[in-house]
Amino acid sequence: MVGQSLGSYFNSLQFCVRVSSGGEAILHAVNRLIEDCGSDVGLSMLLVDFQNAFNLIERAAMLREVRHRCAGLSRWVEFCYSNPARLYYGDHTLWSSQGVQQGDPIGPLLFALVLQLLVCKMRDTFDVCLRAWYLDDGTVISDTLVVGKVLQLIMEERPRLWLHLNVEKTEVFWPLENPRSRLVGVFPPNIARPLRGVKLLGGPANSNFDFGGKLVMQRVTKTIALMDRVSKLDDPQCELLLLRACTGVSKLYFALRTCPPSTFEAAQRTFNGALRSSLERIVTASGPGFGDWQWRLATLPFAYGRLGVYSAGDVRHYAFLASRLQFAGLQTRLLWHAGVVGLG
């Protein structure tokens with residue numbers, strides 16, 4: 001109920017509260033802007049990183065915003081957060097007096113309310129091509145000098161909200177770097193400057209094929225390592241359940257929905273071999289008789305259950321296109337000031 005009432009307040013600024021798959025939409029919108037304007041040397045993209053943000057936000061500001069924006073929730077929030085909570089560590093007792101509690105279902109909403117104070121000031125001060133926040137992950141794309149001023153504003157305002165900027169993990173990127181970004185005072189000297197691409201909300205934001213392919217392969221490698229660990233349970237039923245629900249292709253769904261299909265050519269062959277090997281071991285104890293028809297039958301829940309398709313080729317095309325088209329309206333809102341609003 002509260003999330004619905006705050007929809008217009010967060011509108012087109014934060015995409016985490018009451019926004020379905022906002023992270024995917026942000027990633028697609030950023031990549032569409034890079035595809036369309038990547039050769040514009042005057043632009044830069046800023047990826048903001050806050051240190052331990054949820055645990056450090058200022059509670060007085062949080063309680064004040066809750067009373068102002070969602071009064072119906074204020075009594076409960078004050079009951080939970082107006083007094084420090086005890087944290088026990090061995091024989092020691094610590095007092096938690098900052099931030100929101102780990103695992104609190106309304107924690108993201110409370111954090112977003114405090115962050116919105118900073119986000120609104122940025123909106124009212126600067127005209128940018130794209131601005132998008134997913135909790136403590138902020139993305140801003142605009143003229144390089146404007147992006148530098150946005151970062152300065154964040155650094156000036158953060159102490160008031162107890163948001164601690166991690167400059168060394170905050171990144172500045174664009175396919176063609178603007179020489180003005182190296183001018184003294186535009187960006188801190190210790191800010192990260194990746195050259196080939198950046199990892200944004202778990203996916204690649206870049207125009208470099210090798211960068212995206214490497215990121216996908218890293219994810220596949222981690223998934224295969226999990227599949228190997230599951231095999232140590234020595235319990236076929238549990239192994240199959242975990243393989244289907246947690247450690248199989250489910251680990252790759254986000255990559256399938258956010259990365260260009262061409263980046264999966266090598267990764268899918270590696271993953272396919274590992275998945276087949278795991279299923280052979282579970283179903284036949286790696287014995288004879290696991291033919292192609294059995295392989296297709298065994299992998300049916302993976303290929304057909306969530307993606308709605310069967311062949312590997314169809315998966316590569318369908319997953320990416322459906323994701324881009326599904327959030328077309330949300331991407332248009334993100335790209336409204338950039339002029340990149342058509343699906344093309």
Does the side chain of [X] reach to within under 4.5 Å of the side chain of [Y], using non-hydrogen atoms?
X	Y	result
Leu176	Asp40	no
Val147	Val172	no
Val114	Trp162	no
Met227	Val230	no
Ser231	Ser278	no
Ser21	Phe327	yes
Val140	Val146	no
Leu151	Leu165	yes

### Query
Does the side chain to side chain contact (heavy atoms under 4.5 Å, CB included) test come out yes or no for Leu163 and Leu115, once each step is laid out?
CA-CA 9 Å; Leu163 291 168; Leu115 182 64; 4.1 Å; yes
### Task
Go through the structure and list residues passing salt bridge (charged side-chain N to carboxylate O under 4.0 Å, His left out) with Asp143, not counting sequence neighbours.
Arg180
### Message
Before you tell me yes or no, could you show the steps for Leu33 and Leu43 under side chain to side chain contact (heavy atoms under 4.5 Å, CB included), namely the whole-Å CA-CA distance, both residues' side-chain angles and the distance that decides it to 0.1 Å?
### Response
CA-CA 11 Å; Leu33 187 53; Leu43 298 177; 5.6 Å; no
For [X] and [Y], indicate whether the former's side chain and the latter's backbone hold a donor-acceptor pair under 3.5 Å.
X	Y	result
Glu239	Asp235	yes
Thr170	Asn166	yes
Gln101	Asp104	no
Ser74	Ala71	yes
Tyr134	Thr139	no
Asp137	Asp49	no
His28	Ala328	no
Asn31	Pro204	yes
Arg131	Phe126	yes
Asn178	Val41	yes

Same cluster for [X] and [Y] if Ile/Leu/Val/Met/Phe/Trp/Tyr side chains link at under 4.5 Å?
X	Y	answer
Leu110	Leu6	yes
Tyr9	Met122	yes
Leu56	Val167	no
Met62	Phe50	yes
Leu215	Ile34	no

Quick check: closest heavy atoms across [X] and [Y], and the distance to 0.1 Å?
X	Y	answer
Asn55	Val100	OD1-O, 3.7 Å
Ala267	Val220	CB-CG2, 3.8 Å
Cys37	Val340	SG-CG2, 4.4 Å

### Query
How about Glu78: does its CD atom have over 12 heavy atoms from other parts shown lying under 6.0 Å from it?
yes
### More than 12 heavy atoms from other groups under 6.0 Å of CZ on Arg67
yes
### Message
Please list all pairs meeting side-chain hydrogen bond (donor to acceptor under 3.5 Å, both in side chains) that have one or both residues in residues 112-125, counting only residues at least two apart or in different chains.
### Response
Gln14-Gln116, Lys121-Glu157
### Query
Do Ser181 and Arg193 get their side chains close enough for a donor-acceptor pair, meaning under 3.5 Å?
yes
### Task
Kindly write out the residues that satisfy side-chain contact (heavy atoms from CB on, under 4.5 Å) with Asp210, not counting sequence neighbours, or none if the list is empty.
Arg196, Asn208
Measure the spacing between [atom1] of [X] and [atom2] of [Y] and express it to the nearest 0.5 Å.
X	Y	atom1	atom2	answer
Leu47	Leu201	CG	CG	8.5 Å
Trp174	Leu46	CH2	CG	12.5 Å
Thr223	Asp228	OG1	CG	11.0 Å

### Query
Hey, mind stepping through Leu252 and Arg219 against side chain to side chain contact (heavy atoms under 4.5 Å, CB included) and telling me if it holds?
CA-CA 7 Å; Leu252 304 179; Arg219 186 159 292 168; 3.7 Å; yes
### Task
Determine, stepwise, if the pair Cys70 / Leu113 fulfils side chain to side chain contact (heavy atoms under 4.5 Å, CB included).
CA-CA 10 Å; Cys70 40; Leu113 283 170; 3.9 Å; yes
#### Entry: Test applied, side chain to side chain donor-acceptor pair (under 3.5 Å); reference residue, Ser96; option that passes from Arg86, Gln102, Arg59
Arg59
### Query
Does Arg18 count as lying over the ring of Phe10, i.e. NZ or CZ under 6.0 Å from the six-ring centre, within 45 degrees of the axis?
no
